[in-house]
Structures are given as C-alpha cells and as structure tokens.
Amino acid sequence: MSRYDPAAIEPKWQKAWEEAETFIARRDESRPKYYVLEMFPYPSGRIHMGHVRNYTMGDVVARYKKATGFNVLHPMGWDAFGMPAENAAMERGGHPKDWTYSNIATMRGQMKPLGLSIDWTREFATCDPDYYGQQQAMFIDFMEKGLVYRKAAVVNWDPVDMTVLANEQVIDGKGWRSGAPVERRELTQWFFRISDFAEELLEALDSLDNWPEKVKTMQRNWIGKSRGLQFAFSLVNGPHGHDRIEVYTTRPDTLMGASFVAISPDHPLAKVLERENPEIATFNAEARRLGTSEEEIERAEKKGIDTGLRVRHPFDENWELPVWIANFVLMDYGTGAIFGCPAHDQRDLDFARKYGLPVIDTFVALEGGEPVKDAAFVPPKTEKVRWLKNFAWPEIATGEEAIEAAIRFCEKHGIGQGVTKYRLRDWGISRQRYWGCPIPVVHCEACGTVPEKKENLPVLLPDDVTFDRPGNPLDRHPTWRDVPCPRCGAPAKRETDTMDTFVDSSWYYARFTNPWAKTPTVPEDVDYWMNVDQYIGGIEHAILHLLYSRFFARAMHICGHLPAKSKEPFEALFTQGMVTHEIYMTRDERGRPVYHLPEEVEKTEAGARLKATGEPVEVIPSAKMSKSKKNVVDPEAIIAQYGADTARWFVLSDSPPERDVEWTAAGAEAAHKHLARVHRLAAEIAASSEAGSPEADEELRRAMHRTIHDVTMGVESFGFNAAIARLYAFTNTLARSKAGAEAKREAMRTLAQLMAPMTPHLAEEVWQMLGGEGLIAEAPWPKADPAMLVEDTVTLPIQINGKRRSEIVVPKDLPREEVEKRVLQDEAVQRALQGGAPKKLIVVPGRIVNVVV
RNA sequence: GCCCGCGUGGUGGAAUGGUAGACACAGGGGACUUAAAAUCCCCGGGCUUCGGCCAUGCCGGUUCGAGUCCGGCCGCGGGCACCA
C-alpha cells in the first residue's frame, strides 16, 4: 500500500489539469458563466500566508462553481506599480522594473504549486505597457467627458530631500529619511471628479445585497452626506478685500449658542493675516507641520490663536464673536470655517475651556436639564429636548425638527441657504513618482494642457533613469520630457506626474475579460463575463479601493468601455480576515524603528532576540502582516514539508474566513495527518471486498447525504471551517462504519468530491483509486437526496425556567398535545412541579420545550 | 480624535433567539509493539454537600428562553483620502 506522498501526487495532477486545459476560460454563450476574483497581489517579493488564505478561498468557490455547472473565469494578475519598487531601487540599486518583474516571477513560482484553478493565460501586470497604455487611453476619454481636471492641492513636502512624501513616510511630522520637519506645499495636481457621483455612489449601495453591511456602512460614512446651513458672518474689522467669512454648519439650531468662529490655518483669510502678523505666521507654520493626513490633524492637541478680528452674529448686529485660527479645522471640508458651539460639541467645549470662551446652553434635557460643565450635551438628534434659545420652533422639539426649522428661518430672512454637502472629496491621482502609469498629457505654451494622441500611446516610462537621489527621475530626465505638442507641433513638455496606483486596480477586473485586446475592453467579452460574481479580499480595502472601483466602472460606462449593468462591477463581496503575526522591532542609532522578519528572530525564555547578533527585540502584538513591518510568514516551507493540500486545508480549517487569524505553525502537522488518514482509508476501501449489513449501509448513506448537504451549505455561505468540521466528522463515521465495500466506495468517492475544492490533488488521487471517471475537477457536484435527510424521531431538550433539565425522544410529527403530555410525565418536570401545574408550557416544534413553573 | 468591526475552555473555534463548547490542536489514560515512531480507542470548562450552582470581556435591559437583540463601559484590530 502506497503512502500519502504529496510531492509525487501534486505535480502529477497539476500537469493533468494543464494538459486537459481544465481551467482555461472560454466564452461560451450556451453556458452560464461565473466570475470569481480575488484582489490581486502587490508583488512584494514573496507570497505570505494571507495570500494563501485569500487565493485558496477563491479557489474553493471557483472549483465548486465549476462542479455545479458554471463556465468559470478565475484569473490572476499583479498590482505592480507603486512605491516599494522605487524604495528598493534607492536602497539596493537596480531598476524598479527589474525588481518588480523578478518578484512576480518568484511569486508566480510560489503560487503555481498551490494548485489553484487559475487561467494563467490571462495573467498580466499593471506595469505592462500593454495595460497601462489602455489606462492612458481611458484617461484621455475621461478628459473628453469632463471627468478630469487640475487644481492646486497640498502635499507633504520634505524640504531636505526636496521630494513629496506619502503619509506613511511622515513619522511624527518628520520625513522618514531626512528626519526634517515636513511642510505642506501646494502643487497643481490632476483629479477625477468622483464627488460628482457622491449621491449615486451612496444610493447604489442599497442595491448591493451581497455586500457585507459593514462595508456599505463604512462607505456611507465616508461619502458623508449631510444637510446643513451655509451662511456668512460679516467681518467687523477684516483686512482689505475680506468682509465676510463663509461658514457651513450641520447644527444651525445652535446658532444662538455660538461663541467663536474658527478658520483653518489654510483658509485664505489666515494666509492674509500671517503676512502681517508673525505670531499667526508661527502658529500656521506649526499647524502645517502636522502634514496632510486627517488622522494626524485630528489626533493633535487642539490649538488656536485669536486673530483679533471680530464678526457680527447674523441675528444681532451688536453681538460680536471673536475669530480664531484653529488647527483642527480642515480646509478640505465645508468652507474651511466653522462657528463653535461649546455647549453641544465636545471639541468646541474643550477649545472654549482652554481659551476662556463663553459656553452658552441652547437646550437641555427634558429631565434634569443641568447646564453644561465639562461634558458637552450632545443627545441624538431624534431625542426631544427643552430649548432655551429656540428661534423658530417650539420649546420642546427634537434636534432634527429644530435644524429644519432653523434652515427655513434663515432662508426666509436671507441669512443663508440650506445645502446638502458630502464629505467625499475629488480623487487626487497625481503622484510625483517614476514607477506609475504616466499621465498622457503634454503642456504646450500655446495650447495649454493637451492630451497625447491615442496613436502615440502608450506613453512609455523611460528605462534610463537613476535613483541615486530623491525626487522624480522623470523631472530630471534629459530628453523624455521634450515632445512636440500633439495639437500644434511646437516644442512642448510632457507631464511628469504618474497616476495613483489605485487607478491601476480600479479596472483590472474588466481587463481580465480580454487582457490582450487593442482597446481597454471588448463589448462581447465584458457583456459575457462581467460582472464579477464573487469578489474576495481584505477588509482593509473596504473604502478606498472599492469606492474608486465603483466610480471607475461608472466612468468607463460613460466612455463606452463597460455596459450599464457593470456600473456596480462586484455582485457579491466577501471580506476575509487578515492573517496576523507579531511584529519584531529594534531601533537604529537615531531611535527610528527597524523591523525584522520572524525567521531572523529567535524566542527564548529570556525574551526575543536577533539570531544574528543576539540583540534584544521588542515584540509588538499581532497586527496585519505587512511588508513594511516585516511580520510576514513564508508559506513555502509549509508547502515543501507537507504539500499544498495540507497548507490549503489548514488555512481554511482553523478559523472562520471573515475573522483574523494569528498564524501559528502548530496544527499544520495535524492537517497533514488527517489528509494521510483519508489517503490510507481510500486505499483500504479500494482493496476491500467485505459485505456489510443493510442497516450499516443505510446508516452510512444517510450520513453521506447529510454531509453532502452540510458541506454544500458551508461552501455556499463561506463557512469553510464549518464545512471542514463536517468532513472530519464524516471521515470518522466512514472509518468506523460496518457498511459493505460497495457502500463505502460510494461514500469515499463522495468524500473525495466534497474535499476537492479544498484539497484538489488528494481528491483526484482518491477519485482515481476508487475508479472515478475522468478528472474530479470536471466531475459534477454530488447532490443530497432530501429523502435521506429526514429523521423519524427527534430529541427534544426540556428546559425548566429556561435551563436544560432533561430531554425526551419523540416521533418527528408527534402532535403538540401529545408532546405536552409526555413532557409533563418526565421525571425532572414532575420533580420541579411538585404536583402543581406549570405556569406556562412552550413547545417549539422539533426544537425545544420550556416549562415555566 | 472620528468611522467600522471583533471579544466563547489551556489553544483555534461551533451554535436560523431554543441542549453553550460541534470539529480540531495541545494535554491525560489505555491498546498494539522487545522498544520507539506510526496507528487505533477512551477522557477533558469550573465548583459541588452529587440536589445542584457558576460560566460566552464587564455592567444593566428586553424575552418563557440571550453567545446571539438593545443601552453603557473595557480591551483589541481595520480605515482615515500619497502603503497596497
């Protein structure tokens, strides 16, 4: 009898699938299609367990759907542009292109042994000129449709390295390499008009029935629709040209509680004032050191400076409010100016207490009604409160009612307008970097910004660049920028900004339907293959990637690259949990963190230390595996030791797919043992000719159909771990069964089929051992016979006052009165009743009985 | 700080508002063996006066019945627009 030998089995069946072209997707209008897509990986260098988990889940769905009769598309590609390639070039020399393609080759080589049912003929990388050339063509289409524009926007500027920094490169307000305090700098940049679609993107969320509610909630909050009042305070003593401050508020009902006006340090008025007033200049400069990230700004200590300017309250000429500059007011949201109502906003209250500004209660709770002290009074807007400063509604009213009344009042008196605003901002896609898709635009002195001619696409990235100094090599390239204007032919300059890599990942799903087309998409292929029926990826992409993709699909539709049905390109979304791991950190001589891979660290009783130097290592609790933190586990060793099926089985079995899983090597051994047991059992059954009793045969068949049912439900609902638990149980049943050889062979073949999506190589092997016809990968999914699922009797637990005390076994369809009778005869019930009658007797048919005494 | 999640034995986890701990891991005991490995079988939430009692992060609520629903805390994780 041969032993389970994955090293022999797995390559054999992978070759068989390849020769049979089992997973090559071909358009076939006569069959229903199913498009399974996992978020494609960034080619960081090695695959990690998160990838294995992600792609195995997708593979289970793809193989299952194929078995149930669908024509499946399951492609793979690479999200290949981005910062790490340039960082690698700066750190180690070499070219981002070589680094990227070599990583792709390595990772493809690591992925192929997993035996994924991927159509590799469709593989592409977003840095392939073929792909980004089509992206440039679409950019030009977007320009024509008015979906693109330029405006000034702030970036993090490193004044020493003279370069733009990503938010992640700003650490405590300093550049990660130079250590210099970061400044905000304005640059003219390219934007997509996603905010024009805010309402549509919000409303359409309701139609995404197969998306997780939490993702839709996050997107709703991100879009941030609000109703409020826009109005202006008139300035009493404004500088020349500034006689008013435009303000937006969602709480106009609290206008009588206003105690100050605060403007952003980036507000035009703040910029005028800083020219005259050194203190204000210092304050603003300090505020701008926070960089551009909202998180940084919100978490910083709330500070302000009194400008000395005063505004008039719109309701009262004689009521003057001070104007402050505050570091927490964002220029990007609303008008960049607010009024503060400390009684009903905690942040405003903290600010008022800090700077001795008045706190004016405008409403109090119906009961109690204490004036505000240290905690702002912020009840839900739907709660009725007692108003002390109502101006257009009754004394007792909800916030909602008061807001609407306040807006109507202000509109009627010409004070302001009710407006709807969205938090969602336009999508800035300019990056001052080399390794990205060049924006296909030429700047001409006579013609302005002119799109490149489509026949000149792709605008290729030049290969002859160096990364020996910071900044964008495209800017300093001697010749690349010099091109004739596509319109007038005069000497002109190319745009040197490249696109945000989120653009690349916003349409790759559509490109997979025909990756080699000479246009971005081909109508017949997108019509047939779109939409993605099941999209699978990390929850960390819940907002940006998914929202951008939803916008991009709409923009592609407007330009004729996608049909109307694809405006929402992902029919169903599943967000898997992350694979987490501890982080190992030391610090360099300047105190900056240095991260280490798990294999570089050894853990002893005295603590963790570096294997190479013995230097103590700080262990930070588990977090998402990320290349920057280096807390990644390499699955290659697991695959080499146990085989791909063990790795696949293990990542699916131990944890529910949507939950995070902390990687641990323990347990892989157990998974392997189980697969070896299945193999051994199959061999025994294949060689057996024992006769069994009809009762044992029947019992095994019932268990088999129950398992088919449960596993099918599990796979359909992403309950992979539960499905695997059922498979464990059925293996135990089968191993102990006294059924005859024929019944066991049938059960074993079925077990192989049910395991095939998870452990496809072993399943093929077992299938072959038991005389299964053809490839199991091509075999139809087993069907549970409903008649075999019905049980004749049920066990009813009996609760007394909600606690389980006993149970009775009754025929399935026993009438309620009869059940009640038998319950009352039960020993435990009689003891509890002590001769009395129950207060209440609840019978949930087929489930439970509760006796209330 | 703001938005969104999650929290169950020693461990990973199971449980349409209906028997809390399925299925595994680790552990304990046994069988087989000269022995070991491998394999197979059995036992494992805590306390108990053996009647029961206490247990799903903590505190309250709704319900005949709450891990599940509601409110408030605590802890952890994800996102916060230039990481992907």
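Lettering of chains follows the sequences in order, A, B, ..., and the numbering in each one begins at 1.
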Please state the [atom1] separation for the pair [N] and [M] - nearest whole angstrom.
N       : M       : atom1 : result
rU63(B) : rU11(B) : P     : 35 Å
rA37(B) : rA22(B) : P     : 28 Å
rC25(B) : rU33(B) : C1'   : 26 Å
rC3(B)  : rC58(B) : C1'   : 24 Å
rC83(B) : rG72(B) : P     : 33 Å
rG44(B) : rG27(B) : C1'   : 8 Å

Is the centre of the [X] ring less than 6.0 Å from the centre of the [Y] ring?
X       : Y       : result
Y131(A) : W78(A)  : no
F730(A) : Y728(A) : no
F351(A) : F328(A) : yes
Y535(A) : Y509(A) : no

For [N], give the paired nucleotide (Watson-Crick: N1-N3 plus N6-O4 or O6-N4; G-U: N1-O2 and O6-N3; both under 3.5 Å), or none.
N       : result
rC40(B) : rG30(B)
rA66(B) : none
rA81(B) : none
rG5(B)  : rC76(B)
rC23(B) : rG12(B)

Is there a side-chain polar atom (N or O) of [X] under 4.0 Å from OP1 or OP2 of [N]?
X       : N       : value
T217(A) : rC4(B)  : no
N732(A) : rA24(B) : yes
R425(A) : rA81(B) : no
K803(A) : rC54(B) : yes
K840(A) : rC64(B) : yes
N721(A) : rG13(B) : no
R736(A) : rC41(B) : yes
S653(A) : rA24(B) : no
R659(A) : rG7(B)  : yes
R726(A) : rA24(B) : no
R805(A) : rC53(B) : yes
N167(A) : rA81(B) : yes

Closer than 4.0 angstrom, basic N to acidic O: yes or no for K354(A) and E301(A)?
yes

Answer yes or no: is there an ion pair linking D266(A) with R184(A), defined by an N-O contact shorter than 4.0 Å?
yes

N801(A) or D500(A): which one's nearest nucleotide on RNA chain B is closer to the 5' end?
N801(A)

Taking for each residue the nucleotide of RNA chain B with the nearest heavy atom, is it K302(A) or N850(A) whose nucleotide lies nearer the 5' end?
K302(A)

Quiz question: going by heavy-atom distance under 3.5 Å, is there a donor-acceptor pair between the base of [N] and the side chain of [X]?
X       : N       : value
Q432(A) : rC82(B) : yes
E295(A) : rC80(B) : yes
R299(A) : rG1(B)  : yes
E540(A) : rC83(B) : no

Classify the nucleic acid contact of [X] as base, sugar-phosphate or nothing, counting any heavy atom under 4.0 Å across all strands shown.
X       : answer
S430(A) : base
V844(A) : base
H545(A) : nothing
R677(A) : sugar-phosphate
V164(A) : base
F328(A) : nothing
P656(A) : sugar-phosphate
G224(A) : nothing

If I take atom CZ in residue R804(A) and atom P in nucleotide rG17(B), what distance separates them, rounded to the nearest angstrom?
21 Å

Looking just at side-chain N and O atoms, do N732(A) and R677(A) make a donor-acceptor pair shorter than 3.5 Å?
yes

Distance-only donor-acceptor check, side chains S430(A) and D497(A), under 3.5 Å
yes

